[in-house]
Amino acid sequence: MTDKPLSGFVTVPIGPQHPALKEPENFTLTLAGERIMHTGMRLGYNHRGIEKACEQRTFIQALYLIERICGICSHSHSTAFVNAVEEIAGLELPRRASYIRTLIAELERVHSHLLWLGVAGHEIGFDTLLMYTWRDREVVMDLLAKLTGNRVNYGINTPGGVRRDVSDEQKQEILKGTDVLEERTKYYIEIATTEPTIIGRLSQVGKLSHDDAVRLGAVGPTGRASAVDRDVRRDDPYLAYSDLQFKVITDDHCDVYGRAVVRVLELMECYSLIRQLVRNMPDGPIAVKAPRKVAPGEALSRYEAPRGEDVHYVRTNGSDKPDRVKVRAPTLANVQVVAHMLKDGYLADLPIVIAAIDPCFSCTDRMTAALVGHGPAGEGVMTWPQLRRHGIEFYRRQGIDFADLNKRLRSGGHH
Amino acid sequence: MPQEEDDILNQLTAQFPFLAGKVRLQRPRRLWAEVPADKLAEVFEYVVRQLGFDVYCTLTGLDMGDKLAAIYHLARANRIVLNLRVELDRQNPCLQTITGYFPAADISERELVDLLGVKVEGLPDGPRYPLPDDWPAGSYPLRKDWPGLDAPAGAAQTKPEGS
């Protein structure tokens with residue numbers, strides 16, 4: 001990364017105020033006109049020292065802290081951690097608890113993927129999709145709130161089990177909600193696979209070849225959309241996954257379009273998994289008593305979070321506090337692939353390419369791009385909304401305009 | 001012991017006799033191996049190129065008290081994880097980069113540099129990660145004897161030579 005922009009090029013630093021990621025990012029783009037020549041990265045701006053902080057906290061306290069690494073896939077981190085602690089402590093998770101943890105995990109994936117679909121729609125100017133998906137997402141948010149007491153940071157896990165049981169009445173509500181969401185998702189699949197505006201806007205954008213995805217270590221839907229057939233749930237099963245039937249969705253478009261297709265099809269698998277978990281949930285206790293202190297040991301826990309493989313390493317020393325906790329969140333694996341995806345692409349594609357790896361985007365609007373170039377654009381600051389607007393206008397000039405589609409869907413009677 | 005894990009364990013100890021008794025299966029799909037620092041490069045090469053451990057999960061750095069340690073977490077067919085642990089001298093902790101095998105290791109090797117003060121030879125130039133640019137030199141927060149940022153001058157922790 002050079003401080004001085006190359007002459008004749010414009011250098012655009014983006015970030016670092018982008019607290020949506022586990023580590024907010026700073027992309028420094030070198031542009032030739034509209035084309036991205038090079039992307040530099042500086043991460044770590046929001047490093048909060050959670051791993052170190054865990055060493056000063058008991059296992060229960062650390063569990064709650066770890067759940068707050070991410071507000072979207074909080075259950076992923078909490079489960080990956082508690083699974084490791086239970087492995088070291090030799091605790092046998094009751095089967096019912098295992099099913100409940102898995103159920104929350106799949107409900108979380110539904111809310112995360114629906115959230116993503118809305119964000120992706122917004123970034124390209126397809127705001128009707130945002131409104132629809134986020135309205136539908138409330139169905140799963142309500143279910144999570146009823147089951148756990150919280151819309152986010154569910155707090156369902158405890159070493160040795162889960163903190164709340166699922167009643168028969170709740171099971172019926174889950175099945176009912178799942179039916180509604182499945183119908184809606186079929187509609188989104190139809191839109192994603194047949195609407196020429198969507199296909200035209202997302203195809204060939206943010207290309208990542210299969211070989212590059214493997215070489216650079218892309219995880220989750222980002223990798224699977226480049227035909228990387230990996231899913232920890234199937235390959236290295238944890239919790240109840242070895243009891244369940246599901247397909248690992250892959251796609252070979254190797255672009256943002258493929259990443260959208262993988263996520264909408266994964267939603268259908270989620271509904272199937274949720275039904276299996278509800279219908280086959282074994283009776284029995286939901287927790288075993290966990291010791292306060294954990295004997296010396298270590299474990300590596302892997303978990304297929306909505307964004308991809310989440311890795312936790314835990315080491316214990318016989319006390320009531322972990323000796324070392326190491327977290328590798330999926331976005332950290334995928335953010336390194338972004339620079340490659342952006343190369344030779346348009347500045348106008350930057351919002352959707354970054355959004356397509358599905359970093360948590362709750363605070364996206366706080367991200368700014370300072371235009372400090374020495375090129376024709378001169379000096380100035382571009383905020384994320386301006387960048388997004390730039391992308392939408394850029395494609396409108398090329399004939400890709402979501403205004404008609406937005407209008408058509410709103411009046412299409414899909415309510 | 002499951003067959004596939006057993007085969008891996010046998011192949012490892014047949015290829016590297018010094019690993020006898022140093023490889024253990026903790027549970028199905030989780031193998032742990034203690035590798036001497038001077039043998040890491042050849043074991044790593046064999047594990048990745050011959051045994052097919054082609055998925056890089058992550059790299060963990062540890063402070064074990066009198067020693068530092070690093071654990072490479074690698075998976076075969078995304079299924080069986082081999083955790084290769086190497087102990088590092090506390091005064092002069094040093095590793096070779098594995099970015100030639102796994103470019104994604106770049107960021108996790110920088111973590112070891114910043115948080116534990118491990119030198120990683122061959123790591124390409126690039127921005128530090130994850131600490132801020134004005135973080136005091138020689139202050140490694142994941143070391144157990146890290147006195148904290150507010151500690152008075154002189155409460156320094158053990159530093160690697162030449163830092």
Side-chain angles (χ1 to χ4, degrees), chain A residues 1 16 22-23 26 28 40-49 51-52 55 87-88 90 212 214-219 223 228-232 234-238 248 297-302 304 309-315 317 323-329 332-337 340, chain B residues 24 26-32 54-65 69-83 85 99-108 110-112 114-116 125-133 135 140-144 146 148-149:
Chain A
M1 206 164 69
K22 184 193 171 213
E23 268 78 34
N26 171 286
T28 303
M41 265 198 298
R42 169 72 166 98
L43 306 168
Y45 290 94
N46 202 25
H47 185 80
R48 292 156 288 172
E51 294 176 353
K52 181 76 175 177
E55 296 174 9
E87 180 183 332
I88 300 168
D212 284 336
V214 171
R215 183 174 61 84
L216 300 171
V219 296
V228 179
D229 188 11
R230 287 179 193 160
D231 188 319
V232 178
R234 177 198 62 195
D235 302 333
D236 190 1
Y238 53 96
V248 173
E298 60 189 342
L300 182 85
S301 170
R302 303 166 79 208
E304 189 70 28
E309 180 199 18
D310 184 20
V311 185
H312 283 227
Y313 167 86
V314 179
R315 180 182 173 83
N317 56 18
D323 192 61
R324 173 83 168 97
V325 178
K326 157 81 187 167
V327 177
R328 203 294 318 270
L332 195 64
N334 282 333
V335 81
Q336 298 179 71
V337 183
H340 188 80
Chain B
R24 69 187 161 90
Q26 180 157 310
R27 67 158 170 94
R29 304 192 301 277
R30 289 292 181 278
L31 284 157
W32 298 79
D54 57 357
V55 177
Y56 171 76
C57 297
T58 193
L59 165 63
T60 301
L62 292 167
D63 184 347
M64 316 273 291
I71 310 176
Y72 295 91
H73 310 280
L74 306 173
R76 170 154 112 174
N78 203 31
R79 206 170 88 79
I80 297 174
V81 177
L82 175 61
N83 303 280
R85 176 207 301 275
T99 48
Y101 298 96
F102 301 107
D106 179 282
I107 203 84
S108 30
R110 288 184 207 283
E111 266 188 57
L112 259 65
D114 259 20
L115 302 179
L116 281 158
D125 285 344
R128 69 183 299 173
Y129 175 78
L131 297 176
D133 292 331
W135 189 267
Y140 305 116
L142 269 189
R143 289 205 181 184
K144 295 288 183 190
W146 183 60
L149 275 183

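In the text below, chain A, chain B and the rest are named by the order of the sequence lines, each starting its count at 1. Model, not experiment: these values are computed from the prediction.
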Exercise. Which atoms of A/R302 come close to chain B, meaning under 4.5 Å heavy atom to heavy atom: side chain ones, backbone ones, both, or neither?
Worked result: both
Problem set entry | A/R328 side chain vs B/C57 backbone, donor-acceptor pair below 3.5 Å | yes
Exercise. Non-hydrogen atoms of chain A under 4.5 Å away: do they reach the side chain of B/R76, the backbone, both or neither?
Worked result: neither
Problem set entry | Presence of salt bridge, B/R29 and A/D236, under 4.0 angstrom | yes
Problem set entry | Derivation and outcome, side-chain contact (heavy atoms from CB on, under 4.5 Å), residues A/K52 and B/W146 | CA-CA 11 Å; A/K52 181 76 175 177; B/W146 183 60; 3.9 Å; yes
Exercise. Between B/E111 and A/L332, is any pair of side-chain heavy atoms under 4.5 Å apart?
Worked result: yes
Problem set entry | Donor-acceptor pair, side chain of B/R30 and main chain of A/L300, under 3.5 angstrom | yes
Problem set entry | Top of B/N78, B/V81, B/I107, B/T58 for chain A proximity - count of heavy-atom pairs under 4.5 angstrom | B/N78
Problem set entry | Close side-chain approach of B/I71 to A/K326, heavy-atom, < 4.5 Å | no
Problem set entry | Side chain to side chain, B/W32 and A/E298, heavy atoms closer than 4.5 Å | yes
Problem set entry | Proximal component of B/A75, with respect to chain A [non-hydrogen, under 4.5 Å] | side chain
Problem set entry | Atom group of B/R128 that falls short of 4.5 Å from chain A, counting heavy atoms | both
Seminar exercise, completed: So, the part of B/I80 with a heavy atom under 4.5 Å from chain A: the answer is neither
Seminar exercise, completed: Heavy-atom nearest pair, B/D54 first then A/R230, reads O-NH2, 4.3 Å
Exercise. For A/E87 and B/Q26, does a side-chain donor sit closer than 3.5 Å to a side-chain acceptor?
Worked result: yes
Exercise. What part of A/A218 lies closer than 4.5 angstrom to a heavy atom of chain B: side chain, backbone, both or neither?
Worked result: neither
Exercise. Charged N to carboxylate O below 4.0 Å: is that the case for A/E55 and B/R143?
Worked result: no
Exercise. Do the non-hydrogen side-chain atoms of A/Y313 and B/L62 ever get within less than 4.5 Å of each other?
Worked result: yes
Exercise. After noting the C-alpha distance and the side-chain angles of B/K144 and A/D323, does the key distance pass the side-chain contact (heavy atoms from CB on, under 4.5 Å) rule?
Worked result: CA-CA 9 Å; B/K144 295 288 183 190; A/D323 192 61; 3.4 Å; yes
Exercise. Under 3.5 Å, side chain of A/R324 to main-chain N/O of B/G61, donor-acceptor pair present?
Worked result: yes
Exercise. Contact part of A/N317 toward chain B, heavy-atom cut-off under 4.5 Å: side chain, backbone, both or neither?
Worked result: neither
